[in-house]
Amino acid sequence: MADEKEQLRYDPAAIEQKWQQRWAADPTLYAAEPATSNKPKYYVLEMLPYPSGQLHMGHVRNYAIGDALARQMWMRGYNVLHPMGWDAFGLPAENAALKNNTPPREWTLGNIAAMKRQFKRLGMGFDWATEVTTCLPDYYRWNQWFFLRMYEKGLAYRKKSKVNWCPECATVLANEQVIDGCCWRHEDTKVEQRDLVQWFFRITAYAQELLEGLDKLDGWPEKVRTMQRNWIGRSEGTEVDFFLEEIKQRSGTRDQGLEKQRIRVFTTRVDTIFGATSVQLAPEHPLVKAFTAEDADLKEKVDELLAQQKTAREAGDLGAIDKHGVATGRFAVNPYSGERVPIWVANYILMDYGTGAIMSVPAHDERDFEFATKYGIEIRQVIKPLEEADGSNALPFVSEDGMLVNSGEYNGLSCVQAQKKLQEVATRGQFGEEKVIFRLKDWGVSRQRYWGTPIPMIHCERDGLVAVPDDQLPVILPEKIEITQQGGSPLGRVPDFVNTTCPKCGGPARRETDTMDTFVDSSWYFYRYTDAKNAKAPFDPAIVKYWFPIDQYIGGVEHAILHLIYSRFWTKVMRDLGLVENDEPTKRLFTQGMVIKDGAKMSKSKGNVVSPDDMVARYGADSARMYSLFAAPPDRDLDWQEDGVAGVSRFLGRVWRIVTKYAPVARTASAQTVDAPAGLSLTLLRKLHKTIAKVTQDFEGRWHFNTDVAAIMELVNEMQDADAQLASGEVAAPVVRELLRTLVLLLAPFAPFLAAELWEELGEDGAILRAPWPKSDPSLAKEDEIEIPVQINGKLVTVVRVAAGADPGTMETAALVNDKVRDRIAGKTLVKVIAVPGRAVNLVVK
RNA sequence: GCGGAAGUGGUGAAAUGGCAAACACACCAGCCUUAGGAGCUGGCGCCCAAAAGGCUUGCGGGUUCAAGUCCCGCCUUCCGCACCA
């Protein structure tokens with residue numbers, strides 16, 4: 001027989017193995033009830049991981065937060081949906097295939113199996129029956145289905161666009177795979193810009209709604225909302241046409257087709273237009289092509305500008321290049337003043353923002369000022385500051401607090417008045433209009449890669465672009481494919497895939513060989529969870545209606561723009577397709593901080609990676625999880641210190657010992673509460689009920705789980721200090737019962753294995769997850785005597801004890817009779833007494 | 001440059017405008033022991049030999065009876081955006 005000391009040892013490995021098996025045997029434990037349930041629903045979701053094969057500490061933290069919340073909501077009687085899935089498409093699988101000669105599918109599914117084991121070992125309460133794996137046809141067929149719906153509505157379209165191209169990989173790279181202008185796999189290889197025909201989703205059609213919707217997302221961090229606002233980049237202004245001046249003198253003829261043309265510019269400051277002393281075109285502007293076609297010298301200079309811009313763009317540092325420009329020798333006419341201004345081409349004008357052309361107003365724009373100074377272009381002030389303080393008249397003057405001067409009939413108007421008036425005139429004269437533009441661009445979804453959703457389109461020689469009919473979905477991604485480093489879409493080299501027949505004419509045709517961006521997969525996966533097995537539709541709208549919007553979404557802030565804006569877009573498209581009723585996918589969003597070590601993000605190159613498996617093996621899953629909640633509030637970065645994990649593990653050991661030690665008392669004790677507890681029983685019950693109140697409150701709002709763990713530690717410390725009295729029976733058995741049961745219940749969201757074990761130890765045979773969350777008794781949660789700080793002139797002097805509800809007068813008296821206070825105010829005049837009930841007494845003396 | 005967040009002991013951190021440093025880690029002293037990465041007791045912001053006392057939340061001002069907390073200015077760090085017309 002093992003001796004007593006052995007028995008009194010907390011053995012997380014044994015406990016966790018036991019419960020892992022029990023939970024695996026009960027698939028209903030973490031399953032949501034059907035949408036017909038009359039319990040209130042709660043959908044808690046953590047962002048799904050990419051199946052790299054290994055969970056990292058950031059995952060442990062993310063899922064520990066979500067799991068704690070889910071468990072607490074289960075205990076509070078909610079119908080909880082807490083699903084998990086895999087963001088399983090993407091380039092790493094192809095890279096792994098190259099490196100290890102393993103097919104991407106095999107590699108990915110193997111990784112999923114490994115990570116699922118890790119999740120189970122960590123005790124995460126996911127409903128695996130609703131698991132979603134985005135690389136499987138039963139999921140990605142619905143990507144294709146949505147694509148076709150968008151195509152029908154004109155929300156999916158093709159156009160030529162610039163892409164990042166790695167000459168070494170001979171493939172397109174996503175923006176996030178371009179690091180400092182180089183390929184992420186070939187860090188000395190500069191990424192090139194190439195023009196390719198690409199598929200786009202018309203997210204810009206929803207720009208205004210995506211922007212306005214942010215105001216209503218008050219359960220989102222302000223930071224994320226701000227980032228999205230900036231990303232969408234709404235800008236109000238005016239489009240105005242400058243007329244291209246007729247050129248008659250050149251070889252006696254007119255430039256055919258040019259003289260009637262206009263140069264449309266976008267400006268937010270049309271009020272400054274009388275100060276426009278040049279028009280600037282982006283080097284790629286179509287008009288520039290027309291100019292250079294007949295001017296070899298100009299062409300050479302423009303090509304140079306293009307090259308500069310390209311280099312800068314490839315270096316990802318467009319803001320840093322010096323402003324260069326070249327005069328075209330042409331002139332444009334200001335539509336308001338009739339003034340003739342030179343047309344320049346400049347490297348700082350972006351073709352893909354606004355109209356690719358600007359009016360340059362050096363006196364009232366920093367960039368134009370810099371450019372004009374450099375090239376000696378006239379700088380003409382047309383806005384006068386309202387109040388000419390010292391130096392406020394210095395140029396460039398960019399404020400809108402001003403009045404128009406040198407602006408003909410508009411002189412004397414304020415900037416805002418002038419903008420309105422000038423817009424009216426432009427509209428009437430049909431040379432311009434009020435205009436709102438967005439920085440947001442349409443979402444390029446084509447990828448020249450293998451491991452992604454095939455785009456369900458067919459190219460027919462006769463019928464052109466033809467959509468794959470719904471009844472031919474899914475377009476299956478072929479598995480027999482050799483992954484090579486050759487350029488172009490890998491699917492293009494699979495004849496069985498490419499060659500098909502046209503759905504319209506039945507003639508020979510070719511399939512589209514591009515695949516979809518993996519952000520498509522993650523844009524709607526959380527809808528699929530609610531009805532994951534549906535073979536007829538992406539989901540049943542009635543079920544989605546029950547579960548949506550998601551009550552709480554939890555993930556890293558690195559997805560603030562991409563995933564979180566794409567999924568908002570997708571929801572709005574689905575709403576307009578009549579599939580969902582909610583405008584937004586997620587009511588509340590929580591972005592947790594990073595896990596760092598030694599002051600830096602964990603990374604292989606820094607050698608500071610901590611493996612979850614390792615932590616679990618040494619200290620158990622409960623300790624690893626609880627430490628990740630205890631070490632910092634969840635929204636802040638967390639500094640991983642292994643000694644801290646050991647500390648939590650020791651704490652759980654103390655819990656284990658004290659509960660197992662007194663479990664026999666608790667098991668046989670009456671479930672009746674003690675009517676009038678006194679002495680130590682009362683003290684302990686007070687601490688207990690204060691702790692319940694604190695933890696419960698935190699779950700409801702603040703989420704400072706670190707302080708909740710600390711509060712539970714305090715409770716255990718106090719119980720441990722009472723060890724002798726517990727042992728002697730001085731604390732009544734029903735009180736012991738309540739203390740131990742409640743302690744275990746409070747621990748259940750944070751340390752689920754230990755809580756399950758101790759719950760059983762206390763004689764319970766049902767799942768602790770189904771036990772009701774404890775309620776704090778307000779009469780027990782408050783003290784009847786409290787300590788009040790006493791200040792003299794705001795400085796702390798001492799502390800006095802008063803009854804909890806003491807009124808200011810009583811508090812004042814208690815303070816004044818205190819010896820220390822009397823000494824300090826002797827010989828002085830008491831000017832004023834501030835006594836705030838329950839808070840403090842401050843004596844103002846002279 | 002613009003926007004956001006944060007600066008508190010040796011470390012992670014705590015503190016509805018009301019006792020700064022709870023809870024832990026590390027460290028120090030001691031106890032226990034079947035030597036376990038175990039358990040228990042005590043100490044642990046700074047100044048002062050100790051006590052008494054004084055000082056202390058990045059820096060400087062302010063509001064207030066009272067400021068880590070609110071306001072203004074500055075410094076530092078991190079994050080995002082950045083020639084967006």
Side-chain angles (χ1 to χ4, degrees), chain A residues 3-6 8-10 221-227 229-231 233-235 237 265-269 272 280 282 309 312 317-323 346-350 352-361 365-368 370-371 437-440 557-558 560-561 593-594 596 599 618-619 627 630-633 635-651 653-654 657 702 704 706-714 716-717 720 723 787-799 831-836 838-845:
Chain A
D3 58 50
E4 202 186 344
K5 281 263 150 67
E6 262 318 298
L8 284 177
R9 201 71 186 276
Y10 165 52
E222 194 51 54
K223 178 191 166 113
V224 173
R225 294 201 279 170
T226 305
M227 282 168 77
R229 267 187 208 108
N230 294 340
W231 187 260
R234 186 180 195 272
S235 194
V265 303
F266 175 77
T267 176
T268 54
R269 292 296 304 276
T272 64
Q280 303 280 344
Q309 218 179 37
D317 203 6
L318 216 51
I321 57 171
D322 286 338
K323 289 179 180 53
N347 64 353
Y348 71 100
I349 309 303
L350 307 172
D352 52 9
Y353 186 77
T355 58
I358 65 153
M359 62 178 204
S360 179
V361 186
D365 182 283
E366 308 257 7
R367 295 151 304 179
D368 295 345
E370 187 191 331
F371 190 86
I437 65 170
F438 294 91
R439 208 189 71 118
L440 182 74
V557 76
E558 65 272 18
I561 302 288
M594 278 192 307
I596 58 174
R618 290 192 203 190
Y619 304 101
Y627 173 74
F630 174 61
D635 55 336
R636 267 213 252 170
D637 284 353
L638 182 156
D639 190 55
W640 194 271
Q641 296 182 2
E642 189 168 333
D643 285 334
V645 189
V648 170
S649 173
R650 284 199 291 269
F651 164 70
R654 286 201 293 279
R657 280 194 302 277
R702 219 176 54 141
H704 279 199
N706 55 328
T707 64
D708 297 329
V709 174
I712 296 171
M713 286 174 170
E714 284 186 51
V716 171
N717 289 347
Q720 213 173 345
D723 188 51
E787 287 192 334
I788 293 288
V790 180
Q791 299 167 313
I792 293 177
N793 291 340
K795 284 188 87 117
L796 179 76
V797 170
T798 187
V799 167
V831 183
K832 192 177 174 187
V833 178
I834 293 106
V836 183
R839 291 277 165 227
V841 177
N842 190 8
L843 308 168
V844 184
V845 300

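Please read these numbers as outputs of a predicted model, since none were measured by experiment. Quick note on labels: first sequence line is chain A, next is B, and so on, each numbered from 1.
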Integer angstrom distance from the C1' of B:rC83 to that of B:rG45: 50 Å
Protein-nucleotide distance (A:Arg439, atom CZ; B:rC2, atom P), rounded to Å: 18 Å
Mapping A:Leu843 and A:Tyr619 to their closest nucleotides on RNA chain B, which lands nearer the 5' end? A:Tyr619
Does the structure place the NZ or CZ of A:Lys323 under 6.0 Å from the centre of the six-membered ring of A:Phe371, at an angle of no more than 45° from the ring's axis? no
Taking A:Asn706 for the side chain and A:Ala631 for the main chain, is one N or O donor matched with an acceptor at less than 3.5 Å? no
What nucleotide, of B:rG39, B:rC65, B:rA85, holds the atom closest to the side chain of A:Phe266? B:rA85
A:Ser360 backbone acceptor or donor facing A:Asp368 side chain under 3.5 Å: no
Euclidean distance for C1', B:rG18 against B:rU64 (whole angstrom): 12 Å
Taking 4.0 Å as the cut-off, does a side-chain nitrogen or oxygen of A:Lys223 come that near to OP1 or OP2 on B:rA6? no
CE of A:Met227 versus P of B:rA82: gap in Å, rounded? 10 Å
Could you check if the base of B:rG9 is syn or anti? Syn means the glycosidic torsion is within 90 degrees of 0. syn
Would you measure the distance from the C1' atom in B:rC19 across to the matching atom in B:rG3 and give it in whole Å? 38 Å
Starting from C1' on B:rC79, measure out to CZ on A:Arg636 and report it in whole angstrom. 15 Å
Using modelled atom types only, decide if a donor and an acceptor are shared between the side chain of A:Asn793 and the backbone of A:Val845 within a distance under 3.5 Å. yes
Given B:rG12, B:rG39, B:rA85, which nucleotide is nearest the side-chain atoms of A:Ala631? B:rG12
Taking atom P in both B:rG60 and B:rC55, what distance in whole Å separates the two? 15 Å
Counting runs of three or more consecutive pairs, Watson-Crick or G-U wobble, with each distance below 3.5 Å, where are the stems of RNA chain B? B:1-7 with B:75-81, B:10-12 with B:23-25, B:27-31 with B:39-43, B:45-47 with B:53-55, B:58-62 with B:70-74
Can you tell me, in whole Å, how much space there is between the C1' of B:rA22 and that of B:rU57? 15 Å
Will you find, in the side chains of A:Glu642 and A:Tyr619, an N or O donor that is under 3.5 Å from an N or O acceptor? yes
Looking for any heavy atom pair under 4.0 Å, which part of the strands does A:Ile349 touch: base, sugar-phosphate only, or nothing? base
Side-chain donor/acceptor contact of A:Lys832 with base of B:rC65 under 3.5 Å: no
Side chain A:Asn842, main chain A:Gly794, donor-acceptor under 3.5 Å: yes
Expressed as a whole number of angstroms, how long is the span from A:Asn230:CG to B:rC79:C1'? 13 Å
Let me see the working for A:Asp639 and A:Gln641 under side-chain contact (heavy atoms from CB on, under 4.5 Å), right down to the final yes or no. CA-CA 6 Å; A:Asp639 190 55; A:Gln641 296 182 2; 3.1 Å; yes
Taking atom P in both B:rG53 and B:rU11, what distance in whole Å separates the two? 29 Å
So, A:Ser649 side chain and A:Val645 main chain: donor-acceptor pair closer than 3.5 Å or not? no
So, the side chain of A:Asn347 versus the backbone of A:Asp322: is there a donor-acceptor pair under 3.5 Å, distance only? yes
Using a heavy-atom cut-off of under 4.0 Å over every strand shown, decide if A:Gln720 touches base, sugar-phosphate, or nothing. sugar-phosphate
In whole Å, what is the span from the CZ atom of A:Arg225 to the C1' atom of B:rA5? 16 Å
Between B:rC72 and B:rU63 - P atom distance, rounded Å: 15 Å
Assess the residue pair A:Phe630 and A:Ile712 against the criterion (side-chain contact (heavy atoms from CB on, under 4.5 Å)); give the C-alpha distance rounded to whole Å, side-chain angles, the decisive distance to 0.1 Å, and a yes or no. CA-CA 11 Å; A:Phe630 174 61; A:Ile712 296 171; over 6 Å; no
Can you check the A:Leu638 CG to B:rG12 P distance for me, whole Å? 11 Å
Nearest-angstrom distance from the residue atom CH2 of A:Trp640 to C1' of B:rA13: 16 Å
How many whole angstroms separate atom CD of A:Glu558 from atom C1' of B:rA5? 16 Å
Under 4.0 Å, heavy atoms only, any strand: does A:Arg229 hit a base, just the sugar-phosphate, or nothing? nothing
For A:Thr272 and A:Met359, what are the C-alpha separation, side-chain angles and deciding distance, and is it a side-chain contact (heavy atoms from CB on, under 4.5 Å)? CA-CA 10 Å; A:Thr272 64; A:Met359 62 178 204; 3.6 Å; yes
Taking only the C1' atom of each, what is the distance from B:rC31 to B:rA38 in whole angstrom? 14 Å
Scoring nucleotides 17-26 of chain B by protein non-hydrogen atoms under 4.0 Å (B base, S sugar-phosphate only, - none) yields -BBS-BBSSS
